[in-house]
Amino acid sequence: MEKNHAPLRPDLLFEVSWEVCNKIGGIYTVLSTKARTLQNLSKDTTIFIGPDVWTPESPSPWFIETPVKGLSEWAASAKLPGGIKARVGRWDIPGQPIAVLITFDGLYASKDAFYGEMWQRFGVDSLHAYGDYDEGCAFGRAAGIVIGSIIASGFGTIPARGRRKAKAPENIVAHFDEWTTGMGLLYVKAYLPEVATVFTTHATSIGRSICGNNKPLYDYMAGYNGCQMARELNMEAKHSLERAAAHNADAFTTVSDVTARECEQLLERRPDVVTPNGFEKDFVPAGKALDQARAKARARMLEVASALTGVSYSDDAFIVITSGRCEYRNKGLDVFIDMAARLRENAPARPVLAFIMVPAWVREPRADLSARLAAGEKASTPLPDPVLTHALNNNDSDPVACRLRQTGFASVDPRVTVIYVPCYLNGTDGIFNLPYYDILPGADATVFASYYEPWGYTPLESVAFGVPTVTTSLSGFGQWVLSNFDNYFDACGVNVIGRGDSNYHDVVTHLASSVDYLAGCGPKETAAIRSAAMHTADAAAWEGFIDFYTEAYDIALRKVAEK
């Protein structure tokens with residue numbers, strides 16, 4: 001492709017994801033923070049399409065159903081097959097982009113027919129599908145149908161002005177995120193060849209499965225065959241769909257260099273562009289507001305810890321957090337617990353409170369802990385099982401709870417305390433009653449010792465709040481830091497620890513040393529590290545990272561133009 005040309009830009013851009021107006025994972029953060037930058041570039045020429053999995057009794061808290069000129073009229077008159085219905089409105093995020101939520105369950109009745117069609121056209125093997133495969137495929141296909149219907153309605157046409165005639169959008173891009181939208185990309189490829197397609201895999205389904213099955217991904221990467229591993233791990237349908245979407249997209253992207261290597265080996269296509277995940281700091285308080293948020297969060301965490309353990313923690317206790325998905329190995333929860341055990345053995349510079357904030361199979365807030373907190377009295381004895389803030393449905397088999405008991409954390413030791421918070425922190429958890437973003441500023445550090453982390457929003461969120469973080473070289477964010485900064489806390493607020501398949505104990509040792517170092521820093525050094533962390537977050541703003549998407553859209557549009 002020529003390098004010296006002005007990039008082609010979409011006149012109309014569709015972006016399809018299961019996480020549009022549906023906050024369940026990191027892709028929500030990708031799209032919701034990117035939206036305002038897209039709006040600034042070209043207002044209301046991007047349409048986000050997501051699943052309508054909501055009811056009048058339980059509506060989406062992120063979707064505002066409101067008229068959008070031209071699109072609301074389309075939704076009211078469109079005759080969509082398979083009982084597909086669409087609701088038009090705005091995504092309630094900065095920039096308030098257009099969002100269309102679609103129902104798709106009517107397509108289940110015809111799934112065998114379109115599975116057969118996709119086998120014939122693209123070799124997608126849906127024969128051994130199970131679990132959420134049907135749901136993702138029905139949604140993806142419905143999204144493709146909706147895109148075709150919106151284009152046919154003339155939405156996006158530039159109105160006539162003076163002597164100029166009305167002009168239909170010429171450069172149309174449909175961008176699909178993850179395997180759950182793959183059927184939509186293939187539908188557009190088959191029926192809307194004039195539309196340029198982009199496919200982004202945020203993590204390959206087979207790579208995640210290899211790691212989730214405790215197989216070494218990195219030492220043996222060159223020897224893995226994606227299709228063979230899919231058969232071994234019963235992942236044939238998802239892998240087949242994801243691979244077909246990657247190979248048939250006009251432009252294929254992923255979020256980091258570490259995942260690009262994974263795609264090249266397991267999907268057998270090297271991404272055209274690496275599109276790192278940017279960030280916007282709209283919700284991060286500044287100045288005195290941040291100081292107040294920090295004080296409030298620390299007070300609440302210390303209060304909960306004291307009520308649970310019976311220990312009176314001093315204000316200068318060092319608070320370290322890990323959070324994210326409850327993937328015991330992939331997210332490094334095993335390493336975090338072993339790091340805390342190592343700190344306890346070596347007596348850290350300050351008492352350490354380590355919180356594991358990951359949602360698990362939670363039943364309810366602990367009644368005894370709630371009662372102590374409500375009473376407001378200082379406790380002098382620990383509650384039973386003083387590592388848990390909420391009751392679990394599977395306390396005897398939950399890997400985090402089991403490991404905490406195995407390593408002795410059920411016995412309170414004021415030098416290092418580990419507390420497991422196995423619920424979504426949305427402000428209504430019954431114990432903290434603060435959203436995660438209101439708790440995060442209270443930490444002195446975060447640790448994300450990931451084994452499998454295509455990007456890593458959690459460490460990026462941490463530095464945005466001025467909280468220094470430790471992560472690994474197996475995360476996309478960690479790789480980005482290593483490529484752009486000196487790997488020291490005082491240079492960027494981040495320490496990236498080299499991790500592979502064969503150095504688990506070294507990682508534990510280095511993590512413990514990093515946390516102990518931060519715990520021993522004085523006020524001036526701590527302030528400098530926090531400032532460096534915020535500067536790192538500034539460098540990851542979408543304002544700069546959006547250029548990678550511009551390149552991907554240009555590649556896709558030029559490929560379609562050449563046909």
Side-chain angles (χ1 to χ4, degrees), residues 1-17 20 27 30-49 94-95 97-98 147 150-151 155-158 164 166-178 181 184-185 188-189 192-202 245-257 259-260 263-264 269-280 455 476 480 483-484 538-563:
M1 186 184 73
E2 293 180 6
K3 299 295 182 182
N4 298 319
H5 63 258
L8 293 176
R9 297 179 182 272
D11 297 322
L12 184 59
L13 171 64
F14 298 91
E15 183 144 13
V16 182
S17 171
V20 169
I27 297 174
V30 178
L31 304 184
S32 63
T33 57
K34 181 176 66 173
R36 188 175 72 170
T37 300
L38 290 173
Q39 282 284 71
N40 290 341
L41 288 173
S42 185
K43 186 172 176 60
D44 283 355
T45 60
T46 298
I47 299 173
F48 287 97
I49 298 177
I98 298 170
I147 288 171
I150 291 174
I151 292 171
F155 180 81
T157 297
I158 301 170
R164 294 168 56 188
K167 182 182 177 183
E170 295 177 357
N171 295 329
I172 303 176
V173 173
H175 186 170
F176 297 85
D177 293 278
E178 287 289 80
T181 66
L185 184 144
V188 170
K189 196 75 176 176
L192 302 167
E194 73 280 8
V195 175
T197 55
V198 177
F199 181 64
T200 297
T201 183
H202 297 260
H247 280 262
N248 286 280
D250 295 309
F252 175 43
T253 82
T254 194
V255 297
S256 65
D257 290 329
T259 314
C263 291
E264 187 172 18
R269 181 178 175 182
R270 178 76 181 177
D272 299 295
V273 186
V274 170
T275 51
N277 290 332
F279 199 64
E280 296 294 347
W455 175 245
W480 176 76
S483 298
N484 291 276
D538 290 338
W542 273 117
E543 183 181 8
F545 280 6
I546 202 68
D547 290 344
F548 296 105
Y549 282 93
T550 299
E551 182 181 354
Y553 299 150
D554 176 66
I555 290 171
L557 287 166
R558 289 182 184 278
K559 189 172 289 187
V560 169
E562 291 169 0
K563 294 177 182 178

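Counting from 1, the numbers follow the sequence of the chain as shown.
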(request) Answer yes or no: is there a donor N or O on one side and an acceptor on the other, between the side chain of N171 and the main chain of D11, under 3.5 Å? (result) no

(request) Give, for atom CD1 of I546 and atom CZ of R36, the distance between the pair rounded to the nearest 0.5 Å. (result) 12.0 Å

(request) Would you name the heavy atoms of T181 and S17 that are closest together and state the gap between them? (result) CG2-CA, 4.0 Å

(request) Give the minimum heavy-atom separation between E178 and F199, together with the two atoms involved. (result) O-CE1, 3.3 Å

(message) How long is the straight-line distance from OG1 of T550 back to CG of L8, given to the nearest 0.5 Å?
(response) 11.5 Å

(message) Side chains of T253 and T200 only: does a donor on one sit below 3.5 Å from an acceptor on the other?
(response) yes

(request) Without swapping roles, check the side chain of T254 against the backbone of H202 for a donor-acceptor pair under 3.5 Å. (result) no

(request) Over 60° means perpendicular and under 30° means parallel, so classify the ring planes of Y549 and H175, tilted if in between. (result) tilted

(request) Could you grab the distance from atom CG of L192 to atom CD1 of I147, nearest 0.5 Å is fine? (result) 8.0 Å

(message) For E194, is the CD atom crowded, meaning more than 12 foreign heavy atoms sit under 6.0 Å from it?
(response) yes

(request) Determine, step by step, whether E551 and D554 satisfy the side-chain contact (heavy atoms from CB on, under 4.5 Å) criterion, reporting the C-alpha distance in whole Å, the side-chain angles of both residues, the deciding distance to 0.1 Å, and the verdict. (result) CA-CA 5 Å; E551 182 181 354; D554 176 66; 5.6 Å; no

(request) Quick one: pull up OG in S483 and CG in D257 and give me the separation to the nearest 0.5 Å. (result) 6.5 Å

(request) I would like to know whether Y553 and V198 meet side-chain contact (heavy atoms from CB on, under 4.5 Å); could you show each step before the answer? (result) CA-CA 7 Å; Y553 299 150; V198 177; 3.9 Å; yes

(request) Show your reasoning for whether side-chain contact (heavy atoms from CB on, under 4.5 Å) applies to W455 and T259. (result) CA-CA 8 Å; W455 175 245; T259 314; over 6 Å; no

(message) Once rounded to the nearest 0.5 Å, what's the spacing between atom CG of L185 and atom CZ of F252?
(response) 11.0 Å

(request) With rounding to the nearest 0.5 Å, note down the distance linking CD in Q39 to OG1 in T45. (result) 7.5 Å

(request) Locate the shortest heavy-atom distance separating F14 from I172; write the atom from each residue and the value. (result) CE1-CG2, 3.9 Å

(message) One pair to check against side-chain contact (heavy atoms from CB on, under 4.5 Å): V195 and V560. What are the steps and the verdict?
(response) CA-CA 7 Å; V195 175; V560 169; over 6 Å; no

(request) Please tell me if the side chains of P276 and V255 come closer than 4.5 Å, counting only heavy atoms from C-beta onward. (result) no

(request) For I49 and V20, work out which heavy atoms get closest and say how close. (result) O-CG2, 3.5 Å

(message) Using every non-hydrogen atom in the two residues, find where T46 and I98 come nearest and quote the distance to one decimal.
(response) O-CB, 3.8 Å

(request) Please determine if D250 and K189 form a salt bridge, counting it only when a charged side-chain N lies under 4.0 Å from a carboxylate O. (result) yes

(request) Looking only at non-hydrogen atoms, find the nearest pair between T33 and E280 and report the distance. (result) O-CG, 3.3 Å

